[in-house]
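The structure appears right after this line, and notes come after that.
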Amino acid sequence: MAVRDKAGRPVVVVTGMGIVTSLGAGRDENWSKLVAGKSGIRTITRFSTDGLKTRIAGCVDFVACEPFSAPLLSERLAELAVDEAIVQSGIGAPGRFPGPLFLGVAPVEIEWPQRLELAAAAGAAGHATYDDMLRAAATGRFKAHHERFQFASVADHLAERFGTQGMPISLSTACATGASAIQLGVEAIRRGETDAALCVGTDGSVNTESLVRFSLLSALTTANDPPEEAAKPFSKNRDGFVMAEGAGALVLESYESAKARGAKILGVVEGCGELSDSFHRTRTSPDGKPIIGCMNQAIADAGLTVADIDYINAHGTSTPENDKMECLGVTAVFGKRAASVPISSNKSMVGHTLSAAGAVEAVFTLLTLIEQRIPPTINHQVPDPAIPLDVVPNVARDARLAHALSNSFGFGGQNVTLVMGLEPA
């Protein structure tokens with residue numbers, strides 16, 4: 001007998017997950033440090049930060065990437081997370097994943113060493129012509145690695161590496177990207193297009209240019225010393241987010257597919273909600289309607305009510321604007337329960353992994369449900385009276401949890417909320 005959700009759709013379960021952040025590689029290392037309140041944020045050593053207001057980040061320096069480039073590092077972070085997820089899932093023949101790939105990755109401008117050769121080739125004119133590039137390539141000073149620097153190249157590489165079926169889908173919805181990738185996988189399984197989907201979010205774009213750009217938006221913290229105390233979500237003295245790198249991967253399957261092959265079910269993606277906000281390129285609408293609607297959509301899509309939600313994995317960036325608006329949204333959605341529903345921000349420890357954040361935090365949300373233990377929001381020493389929420393300050397907490405929200409609210413008005421639960425009875 002087919003198992004369906006309350007809307008008559010296939011139930012979408014998780015059978016594998018993988019993660020890499022500044023805390024380390026793999027679920028075990030990340031989880032143990034997360035619940036211990038450890039921080040992966042540190043002083044940047046990859047490049048000179050002289051003259052920069054922000055000199056810290058959640059860098060994944062233990063993954064080699066020489067010469068450094070954001071797409072190459074994003075690719076390698078994703079490989080590690082996907083490897084772990086597929087091994088845990090035990091799905092497919094060796095080297096062949098029997099479903100599509102949905103990849104969230106940042107289409108950012110990249111620092112890459114060949115720019116030096118291009119600059120030299122350009123000479124005094126200040127720009128490189130096609131003939132200049134041909135001459136540089138002929139001398140061996142400029143190597144054409146263009147295929148590594150296009151937006152979809154990371155997805156293409158992963159599809160080849162893991163043998164996924166169908167066209168790999170690359171997408172970018174700013175800081176909601178990882179959650180959007182998961183939503184696409186859920187929708188494909190619900191429509192009956194596939195029995196399984198590989199959903200990944202990855203980002204390795206901590207570089208000078210990104211730091212400068214976010215600094216110009218006044219989005220980054222300048223509390224450089226000590227680095228581990230810089231990210232302060234929901235605190236009165238918060239002053240901006242900490243850029244970070246990482247990757248998260250989930251293997252999604254229909255319940256029937258997972259059961260038929262005897263797979264262990266780790267959890268269920270019960271609902272998804274998305275709502276755009278065209279108010280401003282970095283700020284959300286002052287009435288909070290897009291955030292409120294996004295959470296309400298996700299809860300309704302899961303066939304639940306606000307009374308069923310036991311925990312919220314916050315977007316919680318530590319910027320004055322975002323934390324205030326998330327509090328407004330949670331208060332509007334949960335009403336009198338808002339002050340008693342635990343809500344914590346993993347970004348206080350791993351930083352903001354940008355395009356990877358939705359997938360990274362989906363993994364953390366699932367682990368929270370599995371372990372029945374809520375990670376803390378660290379560095380919460382100065383509570384903000386304007387944010388009267390239970391932010392699980394500084395120390396992890398055991399709790400009875402059945403359903404959880406994971407919020408991802410991106411610049412430019414991209415909002416996605418996922419609802420996750422334990423295996424259905």
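For this chain, numbers begin at 1 and follow the sequence in order.
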Applying salt bridge (Lys or Arg N to Asp or Glu O under 4.0 Å), can you list everything that pairs with Asp287, at least two apart in sequence or on another chain?
none

Partner set under salt bridge (Lys or Arg N to Asp or Glu O under 4.0 Å) for Arg191, not counting sequence neighbours:
Glu193

List for me each residue that meets ring pair (Phe, Tyr, Trp, His ring centres under 6.0 Å) alongside [X], sequence neighbours excluded, and say none if there are none.
{"X": "Phe409", "answer": "His315"}
{"X": "Phe241", "answer": "Phe214, His352"}
{"X": "Phe334", "answer": "none"}

Under the rule for side chain to side chain donor-acceptor pair (under 3.5 Å), what residues qualify as partners of [X], not counting sequence neighbours?
{"X": "Gln297", "answer": "none"}
{"X": "Thr305", "answer": "Asp308"}
{"X": "Asp398", "answer": "Arg373"}
{"X": "Arg96", "answer": "none"}

Would you list the pairs meeting ring-ring contact (aromatic ring centres under 6.0 Å, His included) in which at least one residue belongs to residues 6-42, sequence neighbours left out?
none

Residues pairing under side-chain hydrogen bond (donor to acceptor under 3.5 Å, both in side chains) where one sits in residues 374-387, two or more places apart or in two chains, turn out to be Ser235-His380, Arg238-Asp384

Just grab all the side-chain hydrogen bond (donor to acceptor under 3.5 Å, both in side chains) pairs involving residues 214-226, residues at least two apart or on different chains.
Thr221-Asp239

Electrostatic pair Glu229:Lys232 at N-O distance under 4.0 angstrom
no

Side chains of Glu326 and Asn407: donor-acceptor distance under 3.5 Å anywhere?
yes

